[in-house]
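Report on the structure given below.
Keep in mind that this is a model prediction, so the values were computed, not measured.
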Amino acid sequence: MLAKKTVVSVLFFALAFGIGHAQDSKKEIKRVALQFVKGADVQDGKILESVLEPKSLQYVLMGGKLNLFSAKDYIQMVKDKKLGGKPRKITFRHAELLGDNMAVVVLNAVSEEYDFLYQLSMTKLDDGKWDIVGITAEIKGV
């Protein structure tokens, strides 16, 4: 009987640890997504550099036309004040861990002029840090 209780206790602990770990990871991927939006809103390239994988790409659909930006180009445009600078209200649609080291976040970031729908693909690096490795966005007028 004692062995059965021990097995149940170990399984319960493992399940509780797994749920707690997943909740922490979900909070972290949402935090990274918020930093991505904030970096553009306040036109701070350093914030963007902290969450974007340098080789990542951003595919932006606007008015039926697809545009492609590298992380480097996007960050430079924000630094040069060509993009961003307007606060946006964020609504999370979806945040999911796809495995131990992959995740996806879908959110809307709405300003007075535009509604940005983002799908952010993320990976967790060896140092435990989540980075955005790919972005798909659709931008519509409000």
Side-chain angles (χ1 to χ4, degrees), residues 3-142:
K4 202 180 225 184
K5 285 183 180 180
T6 302
V7 169
V8 170
S9 295
V10 168
L11 288 173
F12 179 76
F13 174 77
L15 180 61
F17 176 77
I19 291 171
H21 180 68
Q23 288 173 340
D24 289 345
S25 291
K26 203 171 215 181
K27 285 179 188 175
E28 183 60 16
I29 62 173
K30 284 183 169 184
R31 186 197 67 74
V32 168
L34 288 171
Q35 288 298 100
F36 168 72
V37 174
K38 179 184 176 184
D41 289 0
V42 300
Q43 294 178 315
D44 187 335
K46 295 242 184 263
I47 292 174
L48 293 172
E49 289 168 349
S50 75
V51 296
L52 285 174
E53 183 348 270
K55 296 177 189 168
S56 66
L57 297 174
Q58 186 171 162
Y59 296 88
V60 179
L61 183 61
M62 186 171 187
K65 184 178 178 192
L66 189 63
N67 299 287
L68 177 64
F69 301 98
S70 69
K72 181 181 174 182
D73 290 340
Y74 178 71
I75 292 167
Q76 192 60 53
M77 286 187 286
V78 169
K79 285 180 178 180
D80 292 342
K81 313 281 190 232
K82 293 179 181 177
L83 294 176
K86 297 191 179 180
R88 295 177 285 176
K89 181 181 184 251
I90 298 168
T91 304
F92 285 97
R93 291 179 152 204
H94 186 75
E96 181 177 0
L97 300 170
L98 303 174
D100 293 336
N101 301 304
M102 290 177 43
V104 65
V105 174
V106 179
L107 63 88
N108 284 88
V110 182
S111 71
E112 292 178 1
E113 296 177 60
Y114 297 105
D115 181 354
F116 295 76
L117 173 61
Y118 289 111
Q119 177 183 306
L120 308 173
S121 298
M122 300 182 191
T123 60
K124 185 166 65 171
L125 307 176
D126 289 339
D127 61 4
K129 181 181 175 288
W130 286 95
D131 266 356
I132 298 170
V133 295
I135 301 165
T136 307
E138 181 177 23
I139 304 171
K140 295 182 179 180
V142 177

Mind checking the [atom1]-[atom2] spacing from [X] to [Y]? Nearest 0.5 Å is all I need.
X: I29; Y: F92; atom1: CD1; atom2: CZ; result: 8.5 Å
X: M62; Y: K140; atom1: CE; atom2: NZ; result: 12.0 Å
X: Q35; Y: D44; atom1: CD; atom2: CG; result: 9.0 Å
X: R31; Y: K27; atom1: CZ; atom2: NZ; result: 13.0 Å
X: Q119; Y: H94; atom1: CD; atom2: NE2; result: 9.0 Å

Problem - Polar side-chain atom of E53 near backbone of K55 as donor-acceptor pair, under 3.5 Å - result: yes
Would you check if [X] and [Y] make a side-chain contact, meaning some heavy-atom pair closer than 4.5 Å?
X: L107; Y: L120; result: yes
X: S70; Y: L57; result: yes
X: V105; Y: F36; result: no
X: I135; Y: Y74; result: no

Minimal non-hydrogen separation, [X] against [Y], with atom names:
X: L97; Y: A103; result: CD2-CB, 4.1 Å
X: M122; Y: W130; result: CB-CE3, 3.9 Å
X: A95; Y: K30; result: CB-CE, 3.8 Å
X: A40; Y: L48; result: N-CD2, 4.1 Å
X: A71; Y: P54; result: CB-O, 3.6 Å
X: I47; Y: S50; result: O-OG, 2.6 Å

Practice task
Answer yes or no: does atom CE of M102 have more than 12 heavy-atom neighbours from other residues, nucleotides or ligands under 6.0 Å?
Solution key: no
Problem - K46, NZ: over 12 other non-hydrogen atoms inside 6.0 angstrom - result: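 It does not: K46 NZ has 12 such atoms or fewer within range.
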Practice task
Apply ring-ring contact (aromatic ring centres under 6.0 Å, His included) to F69 and list each qualifying residue two or more places apart in sequence or on a separate chain.
Solution key: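 Residues passing ring-ring contact (aromatic ring centres under 6.0 Å, His included) with F69: none at all.
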Handout entry: Partner residues of K79 under the side chain to side chain contact (heavy atoms under 4.5 Å, CB included) criterion, sequence neighbours left out
Key =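 Expected list: E49, I75, Q76.
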Practice task
Could you list the residues that satisfy side chain to side chain contact (heavy atoms under 4.5 Å, CB included) with L125, not counting sequence neighbours?
Solution key: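 L125 satisfies side chain to side chain contact (heavy atoms under 4.5 Å, CB included) with T123, D127, D131 once adjacent residues are dropped.
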Exercise for the section: Report the C-alpha separation of V110 and T91 in whole Å, then their side-chain angles, then the decisive distance to 0.1 Å, and conclude whether the side chain to side chain contact (heavy atoms under 4.5 Å, CB included) test is met. Expected result: CA-CA 8 Å; V110 182; T91 304; over 6 Å; no
Exercise for the section: Assess whether side chain to side chain contact (heavy atoms under 4.5 Å, CB included) is satisfied between V32 and E28, documenting all intermediate values. Expected result: CA-CA 6 Å; V32 168; E28 183 60 16; 3.9 Å; yes
Handout entry: Partner set under salt bridge (charged side-chain N to carboxylate O under 4.0 Å, His left out) for K72, not counting sequence neighbours
Key = none
Practice task
Would you list the pairs meeting side-chain hydrogen bond (donor to acceptor under 3.5 Å, both in side chains) in which at least one residue belongs to residues 105-118, sequence neighbours left out?
Solution key: K86-E113, R88-Y118, R93-N108, N108-D115
Problem - side chain to side chain donor-acceptor pair (under 3.5 Å) partners of Q58, counting only residues at least two apart - result: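 None.
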